[in-house]
Chemist: 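Here it is, the structure in full.
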Amino acid sequence: MSETSTGAPDDVNAPLDDPRWTVQWADGPVPDQRRLRPLIGHSGPVRAVATATVDGRPVAVSGSRDNTVRVWDLATGEQLHDPVTGRTDPVSSMTAEVLSVATAVADGRPVAFSLHGDDAVLVWDLATGRAAGEFVRLVESAVLDGRRVLLTLGADGTLYVGDLLSGRRVAAFPSAAGIAMLDGRRVVLTVDDVDVDRTVRVWDLGTAGQLARSLEVVRAVALDGRVLAVTAGEPDQEEQRLWDLATGEPVETPSAAAALSGGEDRPGVTTLTVVNGRAVAVGLDSEEPRFIGPLAVALQNGALVRSRARGTAVLDGRTVALTAEADGTLRIWDLTDDRQRVNGMRVIDAVGASGAAPAFPPGPEPDADLWRRISGRGNGPSGSGDPVLLTVEQDDTVVVRDRATGKPVGPPLTGHTGKVWDVATAVVDGRPVAVTASADHTLRTWDLTHAHADAHADAHGDGDGPVRAGHTGTVSAITTAVLDGSPVVVTAAADHTLHVWDLTTGQPVTAAVTGLDGEVTAMVASVVDGRPVVVTAGSGDTLHLLDPVGGEHLGEPVTCHHGRVLALAGATLDGRPVVVTAGADRTAAIWDLATRRLVGEPLTGHTSRVTAVATAELAGRPVAVTGSWDKTVRLWDLTTGRQIGEPLTGHTDWVTAVATTLVDGRPVAVSRSRDKTVRLWDLATMRETGEPLTGHTDPNGPMVVTVGGARPVVAIGQGQAVRFWDLATGREAGTEYALPLPAAALGAAPGGRLVVGFGPEVTVLRPAAG
């Protein structure tokens with residue numbers, strides 16, 4: 001990779017004019033300046049997104065088919081907490097898919113709700129990233145012995161009775177099957193699944209006392225249109241008894257066994273459940289039990305617990321949901337508040353200890369914005385207070401529309417490579433921002449300010465004319481030069497061509513240079529005998545000198561004996577133009593461009609391949625800075641060919657890029673490593689200055705130093721974005737610039753401009769003024 005010094009700005013202490021970068025020109029479609037950083041981390045399609053504010057920071061909450069819920073800081077693009085998941089099925093070991101997410105404020109704290117494929121609704125504390133509860137299934141509200149209660153169903157099938165006045169659970173009935181009225185009392189029916197005969201038990205819902213006895217069936221027969229069963233003697237009776245399995249009534253007969261003598265055997269009947277002298281349920285071998293007599297009538301409308309339980313209910317005209325804390329305390333969530341806030345309460349004040357119990361009516365709940373968002377119905381892309389409305393079109397573009405008129409505002413938001421599932425809005429640093437979730441496993445963020453929309457339109461410049469003919473392969477190297485007194489940009493790409501662009505207008509200056517010998521991986525511009533020259537290196541061991549105007553090769557290639565040339569930098573030595581090469585043979589070398597010969601001996605000292613080189617002036621002498629896989633940065637006197645001082649150490653992995661500039665008037669080197677840090681070195685004192693710059697998730701992207709707003713900044717390619725750090729302060733310099741494709745090459749240009757190559761496209765960015 002080739003890096004060269006950008007020189008000293010006029011006033012390095014001047015404040016940054018503006019943190020934003022805008023497009024000066026592009027050789028193809030202009031990157032949408034509304035596009036901000038992508039949020040990358042999900043490994044499956046992202047189905048849902050919602051926004052919230054945590055400790056004053058805007059965040060996005062996303063749910064994906066990778067079964068995780070993630071929380072993102074929209075200002076930095078980083079994840080705030082470890083991903084969280086729903087329940088894992090103990091039998092299949094599968095974790096439930098996330099179907100939708102929603103956010104709200106509970107007791108002053110931001111929370112998120114996630115709906116999962118197993119119908120669970122989980123609650124998450126966004127400040128800590130920890131679980132804050134799970135919605136339990138609501139069955140009904142009731143008055144039992146003067147006590148106001150809520151009946152809920154746990155995930156394991158346990159029916160709970162909660163006292164609304166105290167907010168505590170007062171009873172639990174495992175394996176609940178139904179609720180009914182029996183002899184004027186509310187009862188709950190449970191089925192003992194561990195027994196082979198699946199015994200039904202009947203419990204008083206108010207007292208939690210068991211009412212039923214289970215009797216073993218000796219024989220069952222069909223006789224005269226009825227099914228009759230004989231049970232073994234009860235503990236207080238010695239004789240057997242005969243029962244009608246349709247009505248549950250006992251059949252009076254002198255001899256139960258004799259009464260069945262002419263009947264046809266009915267195998268499979270194992271037990272009878274008897275309450276107050278009447279049979280209410282029949283246990284069947286390997287089948288679900290059958291309710292008879294009064295319970296068959298009570299349950300004929302489908303009042304089994306599992307079929308009637310719902311995730312929400314209407315309580316005093318409000319849509320509510322319940323969670324249960326570890327200590328058994330109930331928490332009631334109001335989902336109907338017009339401000340989309342949730343009030344979590346241990347006791348709902350509006351529910352007193354007297355008066356009729358509110359019913360949970362069957363059928364769908366009334367419109368409640370929060371519940372509709374939790375359940376994935378009618379997810380709203382933006383709040384009613386937003387001036388714009390976001391709509392997802394059939395072509396998976398997102399259109400920004402004026403809420404009042406419905407007309408589009410600016411061009412659609414494009415860039416996702418899969419279906420767009422959901423959208424949300426937030427305010428980041430005072431700017432309205434959209435967040436889109438897609439099947440391409442990413443979320444994207446977009447600046448919706450009118451200023452950016454206008455800038456997007458203006459950035460096309462002469463874009464109303466024909467699109468410029470540029471590269472057809474990925475841009476791999478960038479440098480700048482001066483032709484006929486005007487600054488130009490030189491780009492090389494995987495299509496084996498070289499293009500020269502006017503830095504100001506973006507117009508081609510010369511015809512494309514074609515037929516390059518392989519892909520160019522490093523490139524630097526120079527002047528030899530008054531003639532502009534571009535020096536290129538590729539995947540081999542040779543340097544090629546090209547005429548950027550005529551396109552011809554200037555003389556024979558120069559063989560460097562590195563095994564492979566990995567980086568290039570230009571300099572002037574004793575008034576002669578030279579290039580410094582870095583190679584796979586662990587050395588650097590100086591080459592006279594006029595004579596095509598090696599100057600002095602190779603620069604030796606690195607113990608592994610030399611991957612980066614840059615040049616500068618130190619105390620009036622030309623120097624080179626090299627970086628290596630040996631994790632060191634070294635400084636070389638180009639006049640003597642000797643190393644200056646000891647190696648600069650601190651990186652814990654390969655050094656992949658170096659650059660030089662002036663910070664506060666002092667020459668410095670900037671190095672980037674695979675350890676995901678960027679370090680700043682004072683070349684006069686040979687010491688590291690300041691703290692390492694961190695936050696670089698992609699250690700292999702391009703790096704260059706330029707001057708943004710009259711201050712030296714380091715620009716770093718981070719996948720589909722370029723991020724900037726102020727070298728004087730060590731702080732990130734404003735908003736990153738997002739791209740539709742990964743940044744493959746960067747180049748510094750006069751006037752603080754930055755040349756970016758992404759895919760086959762080239763664009764020039766400039767620091768924006770107010």
Chemist: Can you tell me which residue among T472, T474, V475 is in a side chain to side chain contact (heavy atoms under 4.5 Å, CB included) with D495?
Modeler: T472
Chemist: Please give me the minimum heavy-atom distance between A48 and S100, naming the atom from each residue.
Modeler: CB-CA, 3.6 Å
Chemist: Any side-chain heavy atom of V69 sitting closer than 4.5 Å to one from V61?
Modeler: yes
Chemist: Any chance you could measure L413, atom CG, to L390, atom CG, to the nearest 0.5 Å?
Modeler: 7.0 Å
Chemist: Would you say the side-chain atoms of H441 and S64 include a donor-acceptor pair closer than 3.5 Å?
Modeler: no
Chemist: So, taking the atom named OG1 in T656 and the one named CZ in R672, what distance separates them when rounded to the nearest 0.5 Å?
Modeler: 6.0 Å
Chemist: Parallel, tilted or perpendicular for W446 and H416, by the 30°/60° rule?
Modeler: perpendicular
Chemist: I'd like to check R47 versus D422 (side-chain heavy atoms, cut-off strictly below 4.5 Å). Are they in contact?
Modeler: no
Chemist: Minimum heavy-atom separation for A748 and V704, please, with both atom names.
Modeler: N-CG2, 3.6 Å
Chemist: Measuring from atom OG1 of T103 to atom CD1 of I374, what distance do you get when rounded to the nearest 0.5 angstrom?
Modeler: 9.5 Å
Chemist: Using a 6.0 Å cut-off, check whether atom CG of D395 has over 12 heavy atoms from anything other than its own residue.
Modeler: yes
Chemist: Can you check side chain to side chain contact (heavy atoms under 4.5 Å, CB included) on V84 and W124, steps first, answer last?
Modeler: CA-CA 9 Å; V84 294; W124 310 97; 3.6 Å; yes
Chemist: Less than 4.5 Å apart, side chain to side chain, heavy atoms only: is that true for F758 and T763?
Modeler: yes
Chemist: Between V101 and S62, what is the shortest heavy-atom contact and its length?
Modeler: CG1-C, 4.3 Å
Chemist: Rounded to the nearest 0.5 Å, how far does CG of D125 lie from NE2 of H81?
Modeler: 7.5 Å
Chemist: Taking the side chain from Q720 and the backbone from A738, do they hold a donor-acceptor pair closer than 3.5 Å?
Modeler: no
Chemist: Measuring from atom CG of L443 to atom CG of L39, what distance do you get when rounded to the nearest 0.5 angstrom?
Modeler: 5.0 Å
Chemist: Please name the pair of heavy atoms, one in A493 and one in G473, separated by the smallest distance, quoted to 0.1 Å.
Modeler: CB-O, 3.6 Å
Chemist: Does a donor on one side chain sit under 3.5 Å from an acceptor on the other, for H42 and R70?
Modeler: yes
Chemist: With a 4.5 Å cut-off on side-chain heavy atoms, are T706 and V713 touching?
Modeler: yes
Chemist: How many angstroms lie between atom CG of L765 and atom OG1 of T22, to the nearest 0.5 angstrom?
Modeler: 7.5 Å
Chemist: Flag the pair R444 / S438 as yes when at least one side-chain heavy-atom distance between them is below 4.5 Å, and no otherwise.
Modeler: no
Chemist: Do Y737 and V23 touch side chain to side chain, with heavy atoms closer than 4.5 Å?
Modeler: yes
Chemist: Flag the pair P45 / K419 as yes when at least one side-chain heavy-atom distance between them is below 4.5 Å, and no otherwise.
Modeler: no
Chemist: Checking D73 now: which residues fulfil side chain to side chain donor-acceptor pair (under 3.5 Å) with it, not counting sequence neighbours?
Modeler: R57
Chemist: Before you tell me yes or no, could you show the steps for L754 and F724 under side chain to side chain contact (heavy atoms under 4.5 Å, CB included), namely the whole-Å CA-CA distance, both residues' side-chain angles and the distance that decides it to 0.1 Å?
Modeler: CA-CA 11 Å; L754 180 71; F724 305 90; 3.7 Å; yes
Chemist: Could you go through the side chain to side chain contact (heavy atoms under 4.5 Å, CB included) check for T504 and R753 one step at a time?
Modeler: CA-CA 10 Å; T504 303; R753 286 167 286 193; 4.1 Å; yes
Chemist: Determine the minimum heavy-atom distance between A104 and F113, stating which atoms define it.
Modeler: CB-CE1, 3.9 Å
Chemist: I want to check something: taking the side chain as every heavy atom from C-beta on, are V762 and W25 in contact at a cut-off of under 4.5 Å?
Modeler: yes
Chemist: For the backbone of V420 and the side chain of D396, can you confirm whether one donor and one acceptor N or O come within less than 3.5 Å of each other?
Modeler: yes
Chemist: On a heavy-atom basis, which atom in F135 and which in A321 lie closest, and how many Å separate them?
Modeler: CE2-CB, 3.2 Å
Chemist: Could you tell me whether the side chains of T95 and T88 share a donor-acceptor contact shorter than 3.5 Å?
Modeler: yes
